[in-house]
Amino acid sequence: MEVPVSTHTERPLTERPLSLAAPSGIDRAAHHRLDEAWLAAAWSHPTTRVFVVSGGQVLIDDTPDGGTGIVMTPAFEAPVTETHRYFLGTDEDGVRYFALQKDALPGRMDQSARPAGLREAGLLLSPRDAGLMVHAVALENWQRMHRFCSRCGERTVVAAAGHIRRCPGCGAEHYPRTDPAVIMLVTDDLDRALLGRQVHWPEGRFSTLAGFVEPGESIEQSVIREVWEEAGVRVGEVEYVASQPWPFPYSLMLGFRARATTSEITVDGEEIQEARWFSRDELRAAFASGEVLPPSGISIAARLVELWYGEPAEGGRVTFFPSPPVKKGGAPASGGALRCVRSFVRTRPRPFPEPLGLPIRRRGPA
């Protein structure tokens, strides 16, 4: 079963669960993945619940309690598939959960059901449903992109309820891929935060520097290298804060705070277009004026910016949440946007502030 993640912050991240990383109450029960008889019995059980995942999306719907949940059905009502049927685990009531990978989502079951990806649904779903969805999306991404054996080129087959691909040619087994990536807030001796803007981001979108861990490299070494490569700033002390699964397509975001030993900025011009130091007052003013756009509410960024800026005071906190622009007629515009509640509060600066970040950059196909 899952346990809360502890951190090195003064106010633990688990005080308010981190999106996609909160304890979901689901036991993944990995020991059942190779037990075909158990899986068959679990699939046919009347309490088992199933949902379809396609292209990183699931169907979501409003729930009677005013929330939002994944549209699930009993197994006997689910679309037919034998190959891409993934066992996700069981809850404390003994309910088993499966995801079905299909080329398209089923037709909407009623007027309010709608397709959504993790970026849209992650903040709306309960910890249970968010945990199930992030597991299913991660498996689907891996399955779609690793269909052939990397040793001999033979097409592989699904095994272990979706958690292994086996090669019938050479017998090799391939397991789900997870790429570790570091994401870090760098601060200087003046307690300013180093934020950068990637070349493909819209004007005003700033965030922390981030990148993938390279072979033979520790995560601390990766933090130091990435900051130097992208901004020309040297880093000394590095401290881990928290992690978040980020299946876009299969990353694990590792959040850090780091202390700069130099302050002169030299961007690489290839991935980072611009980088700046921000004090808390400057960042507050930039958000308020719209000069700087806030990070996505689902990512670890939103939580870390609250912790870096300072403890929330009575009646005020830094809050980010999705607020897509609305077309005429009330339909959300594509692409979406983010709105920031500008109720920033000024508190006593910490000796080592917490980090701020955004989704990692990618190297290669996504």
Side-chain angles (χ1 to χ4, degrees), residues 1-7 9 11-30 47-53 56-73 86-100 112-141 162-163 176 178 183 241-248 250-255 295-307 312 317-322 338 357 359:
M1 293 294 290
E2 300 174 9
V3 295
V5 177
S6 61
T7 70
T9 61
R11 182 167 65 108
L13 288 177
T14 49
E15 199 171 284
R16 186 161 58 86
L18 183 62
S19 296
L20 308 184
S24 65
I26 299 295
D27 181 354
R28 294 197 174 194
T47 64
T48 292
R49 289 296 176 263
V50 180
F51 63 93
V52 174
V53 58
Q57 292 189 319
V58 301
L59 282 180
I60 62 173
D61 202 352
D62 301 328
T63 58
D65 61 1
T68 302
I70 297 175
V71 175
M72 302 188 198
T73 65
Y86 310 143
F87 173 60
L88 304 179
T90 64
D91 65 18
E92 59 185 8
D93 296 323
V95 177
R96 288 91 168 192
Y97 296 91
F98 288 82
L100 302 181
S112 59
R114 66 266 189 201
L118 275 169
R119 297 180 192 272
E120 300 81 24
L123 289 176
L124 304 175
L125 297 174
S126 67
R128 184 203 69 179
D129 282 15
L132 291 170
M133 184 176 178
V134 74
H135 189 179
V137 168
L139 283 177
E140 185 209 18
N141 286 336
H163 293 77
T178 297
I183 182 167
V241 177
S243 66
Q244 181 187 45
W246 198 249
F248 304 106
Y250 26 66
S251 298
L252 176 66
M253 298 173 67
L254 305 169
S296 167
I298 192 177
S299 78
I300 194 173
R303 182 60 43 77
L304 298 180
V305 70
E306 293 180 10
L307 296 174
R317 70 191 305 167
V318 182
T319 306
F320 298 99
F321 56 89
L338 293 164

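In this chain, residues are counted from 1 in sequence order. Values below: every heavy atom of this structure, side chains too, minus hydrogens, waters and symmetry copies.
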Colleague: Could you list the residues that satisfy side-chain hydrogen bond (donor to acceptor under 3.5 Å, both in side chains) with Glu140, not counting sequence neighbours?
Modeller: Arg144

Colleague: Suppose we screen for side-chain hydrogen bond (donor to acceptor under 3.5 Å, both in side chains). Which residues come up paired with Arg96, at least two apart in sequence or across chains?
Modeller: none

Colleague: If only atom types and distance count, is the side chain of Glu120 paired as donor or acceptor with the main-chain N or O of Pro115 below 3.5 Å?
Modeller: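 No; zero donor-acceptor contacts below 3.5 Å.
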
Colleague: To the nearest 0.5 Å, what is the distance between CG on Asp93 and OG1 on Thr47?
Modeller: 9.0 Å

Colleague: Check residues 62-71 and write down every donor-acceptor pair under 3.5 Å in which the side-chain atom is one partner and the other belongs to a residue at least two apart or another chain.
Modeller:
unit_1, atom_1, unit_2, atom_2, d
Asp62, OD1, Arg114, NH1, 3.2
Thr63, OG1, Asp65, OD1, 2.4
Thr63, OG1, Gly67, N, 3.0
Thr63, OG1, Gly67, O, 3.2
Asp65, OD1, Gly67, N, 3.0

Colleague: Ignoring hydrogens and angles, state whether a donor on the side chain of Thr90 or Asp27 is under 3.5 Å from an acceptor on the partner side chain.
Modeller: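 Per modelled atom types, Thr90 and Asp27 side chains form no pair under 3.5 Å.
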
Colleague: Looking at Ile298 and Gly122, what are the two nearest heavy atoms and their distance?
Modeller: CD1-CA, 3.5 Å

Colleague: Is Arg119 positioned over the aromatic face of Phe248, cation under 6.0 angstrom from the ring centre and no more than 45 degrees off axis?
Modeller: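 Cation-pi check for Arg119 and Phe248: passes.
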
Colleague: Can you name the side-chain contact (heavy atoms from CB on, under 4.5 Å) partners of Pro247, sequence neighbours left out?
Modeller: Leu118, Val134, Val137, Ala138, Asn141

Colleague: What heavy-atom pair brings Leu132 and Phe51 nearest, and what distance separates the two atoms?
Modeller: O-CZ, 3.9 Å

Colleague: Heavy atoms only: give me the nearest Leu125-Ala130 pair and the separation to one decimal.
Modeller: CB-N, 3.9 Å

Colleague: Locate the shortest heavy-atom distance separating Leu252 from Gln244; write the atom from each residue and the value.
Modeller: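 Smallest heavy-atom distance, with atoms named: CD1-O, 3.6 Å.
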
Colleague: Minimum heavy-atom separation for Pro127 and Pro23, please, with both atom names.
Modeller: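 What the structure gives for the nearest pair is CB-O, 3.5 Å.
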
Colleague: Under 3.5 Å, is there a donor-acceptor pair between the side chain of Ser251 and the main chain of Met253?
Modeller: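 No, the answer is negative, given that no donor and acceptor are paired below the 3.5 Å cut-off.
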
Colleague: For Phe98, enumerate each residue passing the ring pair (Phe, Tyr, Trp, His ring centres under 6.0 Å) test, keeping only those at least two apart in sequence or located in another chain.
Modeller: Trp43, Phe87

Colleague: Identify the two heavy atoms, one from Leu139 and one from Pro176, that lie closest to each other, and give their separation to 0.1 Å.
Modeller: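 Heavy-atom minimum between the residues: CD2-CG, 4.1 Å.
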
Colleague: Are Arg49 and Val95 side-chain neighbours, meaning at least one heavy-atom pair lies under 4.5 Å?
Modeller: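 Yes, side chains in contact.
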
Colleague: Please determine which of His135, Arg28, Arg128 meets the side-chain hydrogen bond (donor to acceptor under 3.5 Å, both in side chains) test together with Tyr97.
Modeller: Arg128

Colleague: Please report the interatomic distance CG(Leu59) to OG(Ser112), rounded to the nearest 0.5 Å.
Modeller: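 Output value for this atom pair is 10.5 Å.
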
